[in-house]
2 protein chains.
Amino acid sequence: MAVTIKDVAKKAGVSPSTVSRVLSNHPRISKETSIKVKNIMNELGYHSNMMARSLVSNKTYTLGMILPRPAEELFQNHFFAENIRGITTQAARNGYDVLMTAGANDSDEMEAITRLVLGRRVDGIILLQSRKHDPIITFLREHDFPFVLIGRYEEDPNVLCVDNDNIQAAFDATSHLISQGHTRIGFVSGPPSLSVSQDRLEGYRQALAEHQLQMKSEWIVEGEFLQESGYRAMSFFMSLPERPTALVIIDDVVSFGVMRGLTELGYSVPEDLSIIGFNNISLTELSTPPLSSIDIGIYQLGYMASQMLIKRIQGETQPQPRTIVPHRLMIRESSLHYKAKRSGV
Amino acid sequence: MAVTIKDVAKKAGVSPSTVSRVLSNHPRISKETSIKVKNIMNELGYHSNMMARSLVSNKTYTLGMILPRPAEELFQNHFFAENIRGITTQAARNGYDVLMTAGANDSDEMEAITRLVLGRRVDGIILLQSRKHDPIITFLREHDFPFVLIGRYEEDPNVLCVDNDNIQAAFDATSHLISQGHTRIGFVSGPPSLSVSQDRLEGYRQALAEHQLQMKSEWIVEGEFLQESGYRAMSFFMSLPERPTALVIIDDVVSFGVMRGLTELGYSVPEDLSIIGFNNISLTELSTPPLSSIDIGIYQLGYMASQMLIKRIQGETQPQPRTIVPHRLMIRESSLHYKAKRSGV
DNA sequence: ACGGGTTGTGCAAACGGTTTACCAACTGAA
DNA sequence: TTCAGTTGGTAAACCGTTTGCACAACCCGT
């Protein structure tokens, strides 16, 4: 049905091997033959069959990933979309495609990975998340299969991964609030088991320490990456005899919960409470007031992961296993003008 | 390196063909042999090579799609993420994976499609968008290659597609406002060239007509799917001598522009102006007040598209080429209690 | 005991490429 | 003239599966 290398060969009066060599720019093919064959290829509309090519070359030019299961977190959709855009764009630039597969549960997922790896469907894998002692990572390491993790894997420092410097990011966010004149700053954290929570808390600590500011344990609360957590944290803070005047908040969605609660209680942002969140989701610009946030470069995370993986596949060794994607402060209304009001302007 | 069908055959003392038949549950393989071979497969950790299998069977069990290029519209990320989740989940249920590829420009994209189709990398394609007289669609039809479009294609009624009933959706949104006691209802539209804009406007018209309500052309404004468009529309409406008391707005992001503008001018939603948007993006719940919206079932759109495509690939004929995904009214604060305030409650 | 239908399995030819080994013809230097 | 070294190309093996055809062994009714 489809036109094969043999059809081209026959029409050009050469052998299939010659056509193959033309395709791969083999040095020992004459200019003349090459041009002749290429013309015939165009004429016949030849396009090489990737399956056949993969079979013999053992390369698929495909990166695999598994679709993260729908998480409760609102942030997920944004992260997922931006991330995949970064991954796919970079892959495309290097001639790779991205294969996505889904699993309804853990064993499904494991089976999917097995299928991709052992079935030789992909050349490498990008993981969008990991658990402690992740069996998927164990599997991939055992088979010495190329993969890159977005995030970080405590158990094994040799795992290739790309991540943010969350300590520094929180440090910067906190410092920004300090620079706005705040001295009483609280922190709304996520689940304490997550390394993001730990790292951001640490950055917050360091910034306060550097400026010799008071750090009260009651100004640190933990929650989920949900709006409700923000709402609850806000209620708590506002009930304190000595309130913070600004908050560093683990995630934008949580920040929205805080903002909403404040509005309901008749307080205003940033005058009564200045806030800054993390992740810079698109809604930050739309809220009233617009929310200051740390942009963690989600697209870039995907982009770099893709790049690292392709290098790894092609045998380049990485100088170090971890790549850090820089973050950016996106300062908006929610964390500005505090001083202005205080000083009566 | 990897364990092949031959290794299994050798160890089991049978021929490769027998192993292959065990794999495909061929009826004429004895229970005995089947079990023996299966044991050996487990023992050796055998997994069949998809490339080889595809080569001979001419099936890849893969659906292809091209990554939409970053659009200006905020809504895109949410749509993309939900959509792909639907597509991939349904695909996985049927044993298919999804291959994503990206193109930086039109010709890139065309080349990518060619690669997937002619290179026999996928069994079918899902298109997330289309242009008028889309060359990609022309190409696919010419090659009689299975594909499904999310959206609709005016030029060819035979194209398989899945879409919403936007006329009905806008009808329902408008009717809802009417049921809340509004009689002066405006419409904020998108680019008039898009069929979404046309259809939603039509639904709005029909609802007003059914209730014999006044339809003033100055109560209909066009814009982009951007916040600014909403802001501008709002300014315009509020400057009119005879203002609408409620708005049907083509998109949630636009609605946020309206809400923000109203807040800035000291008006309040829904008391001064009730609004309802489309698409039900996640922020709708987070805004103050929460925004009423029409949920167009984005996940479902992807899910159905995937299903249609797989059926088409497997040779099932569809009763009709278009599938309509039902929409749902998500009523929130922004379009409620209008009457209540009017009557002084 | 014999032919005809099942059953269970092996052989070998695809599928569409790549790649190794090999060869013929042409250089050019000794 | 001869021999070694290029240059341009062919033939055949191979990648891992599937599958049509052949065939032996059995089962059953006559």
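Worth saying up front: this structure is predicted, and the values here are computed from it rather than measured. Quick note on labels: first sequence line is chain A, next is B, and so on, each numbered from 1.
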Take the protein atom [atom1] of [X] and the nucleotide atom [atom2] of [N], then report the distance between them rounded to whole Å.
{"X": "L55(A)", "N": "dG17(C)", "atom1": "CG", "atom2": "P", "value": "12 Å"}
{"X": "K6(B)", "N": "dA12(C)", "atom1": "NZ", "atom2": "P", "value": "13 Å"}
{"X": "N49(A)", "N": "dA14(C)", "atom1": "CG", "atom2": "P", "value": "17 Å"}
{"X": "I5(B)", "N": "dG10(C)", "atom1": "CD1", "atom2": "P", "value": "12 Å"}
{"X": "H26(A)", "N": "dA21(C)", "atom1": "NE2", "atom2": "C1'", "value": "13 Å"}

Q. With sugar-phosphate meaning primed atoms plus P, OP1 and OP2, does V14(B) contact a base, only sugar-phosphate, or nothing at under 4.0 Å between heavy atoms?
A. sugar-phosphate
Q. Within the structure shown, what part of the strands sits under 4.0 Å from S57(A) by heavy-atom distance: base, sugar-phosphate, or nothing?
A. nothing
Q. Want to settle it: does S48(A) or I29(B) sit nearer the 5' end of DNA chain C, counting the closest nucleotide to each?
A. I29(B)
Taking only side-chain nitrogens and oxygens of [X], does any of them come within less than 4.0 Å of OP1 or OP2 of [N]?
{"X": "R53(A)", "N": "dT18(C)", "result": "yes"}
{"X": "T18(B)", "N": "dG10(C)", "result": "yes"}
{"X": "T4(A)", "N": "dG16(C)", "result": "no"}

Q | Helical bend (five base pairs per end, nearest 10°) for the helix from dA1(C)-dT30(D) to dA30(C)-dT1(D) | A | 60°
Q. For E154(A), does the CD atom have more than 12 heavy-atom neighbours from other residues, nucleotides or ligands under 6.0 Å away?
A. yes
Q) Which heavy atom of V159(B) sits nearest a heavy atom of P321(B), and at what distance? A) O-CB, 3.8 Å
For residues 141-150 of chain B, tabulate all N or O donor-acceptor pairs below 3.5 Å that involve a side-chain atom, not counting sequence neighbours.
unit_1  : atom_1 : unit_2  : atom_2 : d
R141(B) : NH1    : D156(B) : OD1    : 3.3
R141(B) : NH1    : D156(B) : OD2    : 2.5

Q. Using a heavy-atom cut-off of 4.0 Å to chain B, what are the terminal contacting nucleotides of DNA chain D, in 5' to 3' order?
A. dG16(D) to dG20(D)
